[in-house]
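Down below is the structure, laid out as structure tokens.
Naming: A, B, ... by sequence-line order, numbering from 1 per chain.
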Protein chains: 2
Amino acid sequence: MDTALDRAVRVFCERGYHATSIGDLTAAMRLATGSVYKAFRDKQAVFLAAFDRYAAVRREQTRSAAARGSSGRERVRHMLLSYVAHSQGIEGRRGCIVVGGAVELAALDPEVRARVNAQIETNEAFIAGLIREGQADGSIPRHVDADDTARLMICITQGMRVVGKARLPLDGERLVGVAMKLLA
Amino acid sequence: MDTALDRAVRVFCERGYHATSIGDLTAAMRLATGSVYKAFRDKQAVFLAAFDRYAAVRREQTRSAAARGSSGRERVRHMLLSYVAHSQGIEGRRGCIVVGGAVELAALDPEVRARVNAQIETNEAFIAGLIREGQADGSIPRHVDADDTARLMICITQGMRVVGKARLPLDGERLVGVAMKLLA
DNA sequence: TTTATTAGGAAACAATCATTCCCTATTGTC
DNA sequence: GACAATAGGGAATGATTGTTTCCTAATAAA
């Protein structure tokens, strides 16, 4: 069932919510219609489950990417580089469920909006934490406002997913090189 | 007809493409089904026309916001402030057709993808131009890479639309204050 | 072995979708 | 004033949607 949910994640990522029919879902999950409705209340429930799964996986990937850095500053850099990588190529084209949910559903579906907000705020707090670590270890100046900078970096990462979905190329080293000025 | 198209823009902005039915469209445009299909080939044609109209209006708004600045640097600042303003409140909740088109349709619809790309690249070139103006008038250092910085700023602006759609508050002065470090 | 419970599958359901067709005013032309 | 042309409106249509229902096969308990 978890593997079926992973397949649902892929479909929702690349087609979004409304363009994904139950037929698309059953084909991707390799389950019959009845089986899907036995496991989930309705289509939205499948989406919410897929959202949660996607969010958990991405959180872990982002955290482990950041962990590759040896200072707070380097951890921010690796986190941004990881985001560029995920926004590009085949995965970039596939897209991000959080961004998709925000754009397609957040306006009208309070349940989705709550999850999108929670995910964004968690990420933002994580980035602010990295910045504070950097200030503690001396790799990031004290005068940098951790919260404001984190929120701007959230905009950057979410924006990269939009640009990546449109298949515009992103040069990781150059883009992140510029973004690191925010920690000056 | 132009006023009807403006109303179509609003609906497509807040509901997206697939969640907008012809019924929603006719109700918003105050036109009967037959009239819509007399003016446009199909639903996608309505969307493309709405997209073009929205893009033209937003381009003008962004340009006039930038024009309020007296130096290249100040023009970039005003342009970013304008983006924050449009990403917030009722308009932020309504959303951006370009971001919506990118996230919802760019993966599968080449025609929409081409327009999204064109709009993003036009904006990016405009921002790069502002930066070069600032370098010419001495308000922005020469060592700033105009193209890389413009691309990052595109990510910032597109990301702000995503965050704004999720109804998270954005403090314009603080956010732009941090972003202006990119011109240091 | 028998029975109860569950996971999974396919067909049927009503509702909604985008689209087409045809009718009615209104406008401009001769 | 008569007529052609067109813009707009609304009902009808076929396809597709999400959902439900019922059936089969497999598994666990007794």
Side-chain angles (χ1 to χ4, degrees), chain A residues 1-54 95 97 100-101 103-113 115, chain B residues 1-54 95 97 100-101 103-113 115:
Chain A
M1 174 54 65
D2 255 10
T3 149
L5 201 54
D6 279 327
R7 291 197 249 260
V9 168
R10 289 179 58 129
V11 182
F12 277 130
C13 275
E14 56 191 349
R15 310 179 76 97
Y17 181 79
H18 287 107
T20 302
S21 71
I22 301 291
D24 296 330
L25 230 33
T26 57
M29 297 170 89
R30 292 172 212 180
L31 255 54
T33 326
S35 305
V36 171
Y37 275 90
K38 194 149 303 193
F40 302 95
R41 187 166 28 82
D42 54 17
K43 185 182 166 185
Q44 170 182 309
V46 184
F47 181 82
L48 292 178
F51 185 103
D52 289 342
R53 176 141 187 88
Y54 176 88
I97 272 203
V103 172
E104 204 182 353
L105 301 171
L108 300 165
D109 187 329
E111 207 151 350
V112 172
R113 181 167 63 243
R115 284 173 201 239
Chain B
M1 176 52 66
D2 255 10
T3 149
L5 201 54
D6 279 328
R7 292 196 248 261
V9 167
R10 288 179 58 129
V11 182
F12 276 130
C13 275
E14 55 191 351
R15 311 179 75 97
Y17 180 80
H18 292 289
T20 301
S21 71
I22 301 291
D24 296 330
L25 230 34
T26 57
M29 297 170 89
R30 293 171 211 180
L31 254 57
T33 325
S35 306
V36 171
Y37 275 89
K38 193 149 303 190
F40 302 96
R41 187 165 26 82
D42 53 17
K43 185 182 166 184
Q44 171 183 306
V46 184
F47 181 82
L48 292 178
F51 186 103
D52 289 343
R53 175 142 188 86
Y54 176 89
I97 273 202
V103 171
E104 204 182 352
L105 300 172
L108 300 166
D109 186 329
E111 208 151 352
V112 172
R113 182 166 63 244
R115 286 175 200 239

(request) Just compare D/dG9, D/dG18, C/dT19 and give me whichever is closest to any side-chain atom of A/S21. (result) D/dG18
(message) Expressed as a whole number of angstroms, how long is the span from B/R30:CZ to D/dG8:P?
(response) 15 Å
(request) Please report, rounded to the nearest Å, how far the P atom of C/dC17 is from the CG atom of B/L25. (result) 12 Å
(message) Please check if the number of heavy atoms outside A/R10 that lie under 6.0 Å from its CZ is greater than 12.
(response) no
(message) What is the separation between atom CG on A/D42 and atom P on D/dT20, rounded to the nearest whole Å?
(response) 8 Å
(message) Looking at every heavy atom in both B/V9 and B/I97, which two are closest together, and how far apart are they?
(response) O-CD1, 4.1 Å
(request) Check whether any side-chain heavy atom of B/Y17 lies under 4.5 Å from a side-chain heavy atom of B/K43, and answer yes or no. (result) yes
(message) I need the CE-C1' distance between B/M29 and D/dG8, as an integer number of Å.
(response) 13 Å
(request) Classify the nucleic acid contact of B/T33 as base, sugar-phosphate or nothing, counting any heavy atom under 4.0 Å across all strands shown. (result) base
(message) Applying a 4.0 Å non-hydrogen cut-off, can you work out what B/T20 is touching in the nucleic acid: base, sugar-phosphate, or nothing?
(response) sugar-phosphate
(message) From OH of B/Y17 over to P of C/dC17, roughly how many Å is that when rounded to an integer?
(response) 13 Å
(request) Report the nucleotide, chosen from D/dT19, C/dT20, D/dT17, that has the shortest atom-to-atom distance to any side-chain atom of B/Y37. (result) C/dT20
(message) It should be established whether B/S35 places a side-chain nitrogen or oxygen under 4.0 Å from OP1 or OP2 of nucleotide D/dG9.
(response) yes
(request) Carefully, step by step, assess B/I22 and B/Y37 under the rule side chain to side chain contact (heavy atoms under 4.5 Å, CB included). (result) CA-CA 10 Å; B/I22 301 291; B/Y37 275 89; 3.4 Å; yes
(message) Nearest to the B/I22 side chain among D/dG9, C/dG9, C/dT19, which nucleotide is it?
(response) C/dT19
(request) Would you mind telling me which residue lines up with the more 5' stretch of DNA chain C, B/K38 or B/K43, judged by nearest nucleotide? (result) B/K43
(message) Measure NE2/B/H18 against C1'/C/dA18 and give the value in whole Å, please.
(response) 13 Å
